[in-house]
Amino acid sequence: MSILVDNQTRVVVQGITGRDGAFHAQQMAQYGTKVVAGVTPGKGGQEVAGIPVYNTVWQAAEEEKANTSVLYVPSAFASDAIYEAVDAGIQLVVCITEGIPTLEMVKVMQYLSAGQARLIGPNCPGIITPGQAKVGIMPGHIFQPGRVGVLSRSGTLTYEVVYQLTQAGIGQSTSIGLGGDPIIGFRFVDGLELFEADPETDVVVLIGEIGGTDEEEAADYVSQHVSKPVVAFIAGLTAPPGKRMGHAGAIISGGSGTAEEKIEALEAAGIPVASKPADIVGLVKKAME
Amino acid sequence: MSILVDNQTRVVVQGITGRDGAFHAQQMAQYGTKVVAGVTPGKGGQEVAGIPVYNTVWQAAEEEKANTSVLYVPSAFASDAIYEAVDAGIQLVVCITEGIPTLEMVKVMQYLSAGQARLIGPNCPGIITPGQAKVGIMPGHIFQPGRVGVLSRSGTLTYEVVYQLTQAGIGQSTSIGLGGDPIIGFRFVDGLELFEADPETDVVVLIGEIGGTDEEEAADYVSQHVSKPVVAFIAGLTAPPGKRMGHAGAIISGGSGTAEEKIEALEAAGIPVASKPADIVGLVKKAME
Amino acid sequence: MKVHEYQAKEIFAKYGIPVPTGQVAQSPQEVRQAAAEIGCPVMIKSQVHVGGRGKAGGIKMAQTPEEAETLGAEILGMKIKGLEVGKVLVTQAVDIDSEAYLGVIVDRRSQKPVVMVSAAGGVDIEEVARETPEKIHKLTVDPLFGLLPFQARKLVFRIYEDPKIASQAAKILQKLYRAFWECDASLIEINPLVVTSQGEVWAVDAKFNEDDNALFRQSWIAQMRDRQAEIPEELEAREKGLSFVKLDGTVGCVVNGAGLAMGTMDLIKHYGGEPANFLDIGGSSSPEKVTAAMRILLRDANVKVVLFNIFGGITRCDDVANGLVSAIKEVGVDLPIVIRLTGTNADEGKEILRRNDLVAVDSMEEVVQKAIQMVGA
Amino acid sequence: MKVHEYQAKEIFAKYGIPVPTGQVAQSPQEVRQAAAEIGCPVMIKSQVHVGGRGKAGGIKMAQTPEEAETLGAEILGMKIKGLEVGKVLVTQAVDIDSEAYLGVIVDRRSQKPVVMVSAAGGVDIEEVARETPEKIHKLTVDPLFGLLPFQARKLVFRIYEDPKIASQAAKILQKLYRAFWECDASLIEINPLVVTSQGEVWAVDAKFNEDDNALFRQSWIAQMRDRQAEIPEELEAREKGLSFVKLDGTVGCVVNGAGLAMGTMDLIKHYGGEPANFLDIGGSSSPEKVTAAMRILLRDANVKVVLFNIFGGITRCDDVANGLVSAIKEVGVDLPIVIRLTGTNADEGKEILRRNDLVAVDSMEEVVQKAIQMVGA
């Protein structure tokens, strides 16, 4: 089964006529994802690499039965694109766009809280169910079908970990990049809930980093609700407080959000934490025994 | 039982230190209503006619177990007073204040939709359960305990009708003035639902007027959900379109909201409509047979 | 509160909605000068608070400044539905490729703003709504989020195919909604929204009604009130804190409470009479209000009898009676007066009236029948 | 983005939050003149983007313009936590009866704004939060309604008893929230909010951090950026589209991706080394970015080795290798360079490097260990 996306997922690409949108639409389609439509307001009727373009998501959902959307829309227009997708009945919205103002996302989360749709991101690499569907910008070839679920707040660090897993012959059920912003839709706890219920996932890998309290919430959640083994890695032990490490989410502020706190919380919940990325493979193997 | 207010109702008067607030707090207390507290920010610690004044509704609810509030607050501050009451856990908010901007009320209704609290008004005379509690500004002496529920969009016209009922020896279970604004909290359908379920109400009198579609909705609701007899009167047969009759709610606009339409809808739902106020007594008597 | 088209266009311009260049003129000379400055052809549009100005001859096109002056002289001073034209708007005439309608109101049923667009612009939208409602596309707005850009696009794509025009129209619709919300409008309309043959989109007419309850926080709009453009009696009534609407009958009514006032009018009609007005003096017993009410009523030559219908509630009837007596004395009424007085302290009130040779009856039915007898006599 | 206290006070003033009169000065003479104009006593406050200015001697009170000049000369040019003081704010000294704290941030857990007030003002609020959290009163705000007046009152009544002071503070708190929301702040604080012995309420200090992602729609705040007040390397990095944070170690790192960059730093530490920096060049293979990154790194005399950790994803490794080669040639590096290159087209990339006498390894572990060996050597 995997979670959230599979070979039945019908993807609409919002912002398909832009440079990134067009490129990744093709990449996704090449991976085997069912990319059924694109949307760019005012460009309805065109085609991008054989994919029909509509003016509104509503039309894409009507005409092509799209149920998942992925956004490559400039940040100033991204929140509107999310609203539009949700309003059109899209069940899963994957927002690749980075640079959306935090308070704009605060409003978006209020909008989402009234309905059933899920948002992954923003500022994230997307979601992939290896061998079935890739909705995002990850390099598909490093993934391999299997039974390890991956949830990560970091992009390239995920690739690093996944690459090592794949090289060790350990495939992934679904891998989700949660995104690097302070306000994100889909969080560790959401992923843990779904992986726990997914019969095709045996182990979950959490890749966390400094900033926020998502890892602590995940630790809590695991001790109460998760029976499957979970292993983790946290980046940023050497990060100094008050300095943003790349994206707005990764910052130790007010003395909280440190890697130490997170590692402590995870270990207290019985989750083994790798002291370096290369050790994750070993922990996963151990968990699978 | 009656509906919404009775001799157990504990009333907090918001704006109690104002002229109207102080006067009506005393009038309500004299009628026998349990007026347990008043609120005026910054005047906490004072007393008005023996009623303790607090800075916040929260304190009044904590200290005096107030569960119902009535507002005599200037229109510019009324919406905030409603929010405060709801936030403090008040179950029934009666807003006497007139002159609240319509779009302010549009926001208030969104706020209320998230919770359980009810709002009567704004721009209304309030609610009375004769012999038990008066929460508002109606002249208490014209009412008499009994088994007729009254719902009205008009103030003095209600008094007219109730006075005639009382003179004819027909008492009232509860009488509610819904208010004259385009956007009001408690509407005919809400009252009909409660009266239908109230074992102490036998007949319901609806007093409607031009403007809006509340009477049509009430007619619909009665034909589907109400088993008790309902009688009605609609004011404004002679009102010309496009002219506001006193308050902002009473206006025929865009060719709809006419008295004729409303009478037609009510009669189609089997509700007898009095052709003049004096005939209501007869219709009620007939319904009680 | 209604504002003139030229004022509505000022509001539009503030929100970035494109409107044709225009100037207000109050004399034919000013019309000529405005036409010359703007450049002909121009439209000369009467500024009065009623619909149907075009049909009534209140909107004309001029090809030259001279023609503008002539037409200006015709329009200024003409009466449209009883209102004299004191101002005209002289405005750039735009060539019209298509006309649409955009509007926002609050829907009382859903208690939310509703945005409406229609390709059937330039005509009476209420007629469209009655006869071909499917031509009006509506969208209920979540007031906490406002009209979102995608919603505006979705609506305008239903009336425009050209993406460039749709994009302009969507932006205008969002601005229109923002103006509606931020200015506390009760109604805002562009009819027609014109697409020119050059593919530009203009708000050629503008309608804006303000929520009276919000004037306290929209003082800049309150200042737009044109007292000369109102019906004098209604203006006076409003300024005295009364609610007054003039009608065509013979029975003048003074009532406390809007519902009771409507009920009184209806009852007059029910018994074969015709009310001369709606008048709500509110809950107050102030002699000043009663005096003002009577002065306004008596100015209407049709009025043959004055009917008071007072239900004393919190206000005591003896107070009201005192107010009545001093008002009647001060105004000096020649017409017959009939009075109904009931409620708190009614007996004391009646006694006061009796001492002043005024008789009050108990019931509404009685006072109305009495008034109609007098009109008939 | 951080703005100076004086700029934050400009924002406050725009929102009607009372701040003491003040002037910015960049020379002792200007300090003297400002002190004379404002009227002594005055405070002279260094304008640098770090906390703890007071403890570092960056805030002084002057009783006369002459003293102000002397103190100004001391403060201007001093270094606080590595940042040179280029500007001071000369401001009216207010007499202090009590000091409180007001602040707004976004809470990442609830994903909503949180308003905080505390009677323990004038001290480091993070310390208060750690040691006596019960002294901080918090309220989560529904962002669709904003901070409602009653909520502001409820909060300030917890720190002030006097209704007049509470009323002023409640209004200030609402304005602070509005400024936070409308300006896209990531943090806004008044610390201390001072009540004077005359019962007036003033924002004596002001802190405002802007959400970098919102600068595109807050251009007036973007213009407040003081390039001279930033750490030069970090400024240069930002302007080249790089994310750079200077640290104290010897291993310079160039990595694509923030998480991988942190992971690299951690691994250096894990194997006993010390990273010299955090540096994320993003997903791009542009030689310009790599060149800029290397120039910044090499300016740090502590750096003994340069480590590249590149995971090719959508970006192809051969593109990255070409970028690396031309950057290294252009900058002309004397230090040893170690490279890790993995992912899409890694073999082609390695071949390009090899032709330019550069060797790339496969794993992150390997490259880090290699770098540390070199530092040790």
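A note on names: the letters A, B, ... follow the listed sequences, proteins ahead of strands, and every chain is numbered from 1.
Only the side chain of Asp142(D) comes within contact range of chain A, with heavy atoms under 4.5 Å apart. There is no contact between Arg238(D) and chain A, counting heavy-atom distances below 4.5 Å. For Ile231(D), the part lying near chain A is the side chain, with the backbone staying farther off; criterion is any non-hydrogen pair under 4.5 Å. Interface residue Leu247(D): only side-chain heavy atoms are found under 4.5 Å from chain A. Residue Ile207(A) does not touch chain D at all, counting heavy-atom pairs closer than 4.5 Å. In this structure, the portions of Ser275(A) lying under 4.5 Å from any heavy atom of chain D include both its backbone and its side chain. Within the 4.5 angstrom heavy-atom criterion, only side-chain atoms of Thr342(D), from C-beta onward, approach chain A. When heavy atoms are compared at a cutoff of 4.5 Å, Gln110(A) approaches chain D solely by way of its side chain, counted from C-beta outward. Of the two parts of Phe244(D), neither the backbone nor the side chain holds a non-hydrogen atom closer than 4.5 Å to a non-hydrogen atom of chain A. Using a 4.5 Å cut-off between heavy atoms, Ala76(A) touches chain D through backbone and side chain atoms alike. For Ala185(D), the part lying under 4.5 angstrom from a heavy atom of chain A is the backbone only. Contact of Leu237(A) with chain D is made through backbone and side chain together, with heavy-atom distances under 4.5 Å. For Glu234(D), the part lying near chain A is the side chain, with the backbone staying farther off; criterion is any non-hydrogen pair under 4.5 Å.
Annotation for Leu267(D) and Pro277(A): closest pair CD1-CD, 4.5 Å, computed over non-hydrogen atoms. Scanning all heavy atoms of the two residues, the minimum distance from Thr156(A) to Asn256(D) falls at OG1-O, 3.0 Å. Contact between Phe216(D) and Pro101(A) at its shortest, heavy atoms only, is CE2-CG, 3.7 Å. A pairwise comparison of heavy atoms in Thr238(A) and Met262(D) identifies OG1-O, 4.4 Å as the closest pair. Nearest heavy atoms, Ser154(A) versus Gly259(D): OG-CA, 3.1 Å.
Interatomic distance, CG of Asn213(D) versus CD of Glu104(A), reported as 11.0 Å (0.5 Å rounding). From Asp211(D), atom CG reaches atom CG of Asp181(A) across 8.5 Å, with rounding to the nearest 0.5 Å. Rounding to the nearest 0.5 angstrom, the gap separating the CE atom in Met245(A) from the CG atom in Leu279(D) is 11.0 Å. We find the CE-CD distance between Met364(D) and Glu160(A) to be 5.0 Å, quoted to the nearest 0.5 Å. To the nearest 0.5 angstrom, Lys107(A) atom NZ is 6.5 Å from Trp181(D) atom CH2. Summarising the geometry, atom CG belonging to Asp266(D) is positioned 5.5 Å from atom CZ belonging to Phe233(A); distances are rounded to the nearest 0.5 Å.
Counting heavy-atom pairs under 4.5 Å between each of Val245(D), Leu242(D), Ile268(D) and chain A puts Val245(D) at the top. With chain A as the partner, the residue from Pro275(D), Ala258(D), Ala129(D), Pro113(D) showing the most heavy-atom pairs under 4.5 Å is Ala258(D). By number of non-hydrogen pairs under 4.5 angstrom with chain D, the leading residue of His141(A), Glu209(A), Glu98(A) is His141(A). If you tally non-hydrogen atom pairs under 4.5 Å between each of Pro240(A), Ala235(A), Pro125(A) and chain D, the highest count goes to Ala235(A). Counting heavy-atom pairs under 4.5 Å between each of Met109(A), Lys243(A), Arg244(A) and chain D puts Lys243(A) at the top. Interface remark: of the candidates Gly249(A), Ser75(A), Ser253(A), Gly249(A) forms the most heavy-atom pairs closer than 4.5 Å to chain D. When the candidates Gly343(D), Ala261(D), Pro143(D) are compared by the number of heavy-atom contacts under 4.5 Å with chain A, Pro143(D) comes out ahead.
Ring geometry for Tyr159(A) versus Phe311(D): interplanar angle of 30 to 60°, hence tilted.
Not one N or O on the side chain of Gln111(D) forms a donor-acceptor pair closer than 3.5 Å with the backbone of Pro182(A). In this structure, the side chain of Arg109(D) does not engage the main chain of Glu217(A) through any donor-acceptor pair within 3.5 Å.
The local environment of NZ in Lys138(D) is sparse, with at most 12 non-hydrogen atoms from other residues, nucleotides or ligands closer than 6.0 Å. Crowding of Phe77(A) atom CZ: a count of heavy atoms from other residues, nucleotides or ligands under 6.0 Å not exceeding 12. Counting heavy atoms of neighbouring residues, nucleotides and ligands inside a 6.0 Å radius, atom NZ of Lys269(D) does not exceed 12 of them. Annotation for Asp248(D): atom CG does not count as buried by contact number, only 12 or fewer foreign heavy atoms lying within 6.0 Å. The 12-atom threshold is exceeded at CD of Glu260(A), counting heavy atoms of other residues, nucleotides or ligands nearer than 6.0 Å.
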